[in-house]
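Nothing fancy with the numbering, it's 1 onward along the sequence. Computed from heavy atoms alone, side chains included, the values below leave out hydrogens, waters and symmetry copies. Both ligands and their constituent atoms are indexed starting at 1 by order of listing.
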Amino acid sequence: MFKNNRIVIGLLCIMLAFVVIACQEKTVDPYVEEEESSLITVGFSQPGAESAWRVALTDSVKENFTEERGYKLIYKDGRSKQDNQIKDIRTFIQQGVDYIIISPIVETGWDTVLSEAKEAGIPVIICDRNVTVSNESLYTAFVGSDFKAEGDYAITNLEILLAENGKADEPVNIVHIQGTLGSSAQLGRTKALEDAIETHDNWNIVYQDCGEFTKAKGREIMSNALKEVGAGNIDVVYCENDEEAFGAIAAMNEAGVRYGAEGGIKVVSFDAMNSALTMCMAGQISIEVECNPLQGPYIYNLINHLEKEKVVPKITYIHEECFTSDMLDVDFIASRKF
Ligand code: GYE
């Protein structure tokens, strides 16, 4: 009898345990909608992944808009085509994201899609490169670089370098490798060089082509320039980003042409990624103008302010510098994040 009681009590305990576990499980009512996620959704449209600089920008944005901080980031790569970027932005609008960040491949052609975003009530932050639109109210804010100022930095330092090399009044022949045509980065950097050509009677562009901001194109263009113009007739190669400069240097190495501090062709470049600064320190690149890809924290602050319904500045230019070999050392380069 006593033994039977123990069995019954044991069975009751097991049943009770099942009841407790069952009660703890959440009952799902199929007719009640799931509670919406409280994350703020942000769509980020990049033009492509043509350079290490752009990868650094992507990482910077991804690092800032994390779930831990209350954000869900949807990233899209336009594979170097404006049409793809426009499709990606339309998808963001359909998904009803809370904010859209766009790094526009070129400046023009955004009016329609930006109007659609505005109509849907989605604030748009333009970053890195800018847009030219009929109405500034089509986007909320811009964060990025002043590319004409970057170009002017390069020109001022080139004037100093040429004077130091006794070439202030000698003919200066320049190979110009442009970035993606129509992008703000190309327009500003090219404008600075073209203005300088106007004001320096002895400066000439002897070869010009579009390198699409890539190493492969930079190499091809420099190799063609060396063949057509001849190394002896080239004093400067003005590359509109580091990838193009790496390509131009590869072409000069291949052709056995002297460049940099050892005499010969001077290389001017933009971005100042760590690998390029190391080459600048070694004298291979003579002038490096910084273009800062760490824009994530700026965009994050902007969106945080907008969330709190604060007024944000329409334009934020990021602080940038220009480097020559004498300004660089290993510790300084190692301390930089890009
Ligand atoms: O210089 C280049 C990149 O828009 C500032 O695009 C950016 C430029 C940068 O691919 O490396």
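- When the heavy-atom distances from atom 11 (O) of ligand 1 to V289, D271, V55, D128 are ranked, the shortest goes to D271.
- Protein heavy atom in closest approach to atom 8 (C) of ligand 1: R129 NH2, 3.8 Å.
- With rounding to the nearest 0.5 Å, the separation of OG in S145 from CG in N130 is 10.5 Å.
- The one candidate from K266, R258, K167 that meets the salt bridge (charged side-chain N to carboxylate O under 4.0 Å, His left out) condition with D235 is K167.
- Applying the 4.0 Å criterion to heavy atoms of E50 picks out, from ligand 1, the atoms 3 (C), 6 (O), 10 (O).
- Taking only nitrogen or oxygen atoms, main chain and side chain alike, R54 reaches within less than 3.5 Å of ligand 1.
- Pairs engaging residues 42-71 under the salt bridge (Lys or Arg N to Asp or Glu O under 4.0 Å) rule: E50-R54, E50-R129, R54-D128 [sequence neighbours left out].
- The closest non-hydrogen atom to atom 2 (C) of ligand 1, taken over L57, N241, I105, comes from N241.
- Atoms of ligand 1 lying under 4.0 Å from at least one heavy atom of S51, given by number and element, are 2 (C), 3 (C), 10 (O), 11 (O).
- Close contacts between ligand 1 and C291 involve ligand atoms 5 (C) [criterion: under 4.0 Å to a heavy atom].
- Remark: the E243 side chain and the S51 side chain contain no N/O donor-acceptor pair separated by less than 3.5 Å.
- At under 3.5 Å, not a single nitrogen or oxygen of E240, backbone or side chain, sits near a nitrogen or oxygen of ligand 1.
- Residue pairs meeting the ring pair (Phe, Tyr, Trp, His ring centres under 6.0 Å) criterion with at least one partner in residues 256-311, sequence neighbours excluded, are F65-Y300, Y71-Y300, Y238-F270.
- Within 6.0 Å of NZ on K148 lie more than 12 heavy atoms contributed by other residues, nucleotides or ligands.
- Every atom of ligand 1 is numbered from 1 in the order shown, and the set under 4.0 Å from a heavy atom of R189 is 1 (O), 5 (C).
- Around the NZ atom of K81, the shell of radius 6.0 Å holds no more than 12 heavy atoms that belong to other residues, nucleotides or ligands.
- Only the side chain of F147 comes within 4.0 Å of ligand 1, judged by heavy-atom distances.
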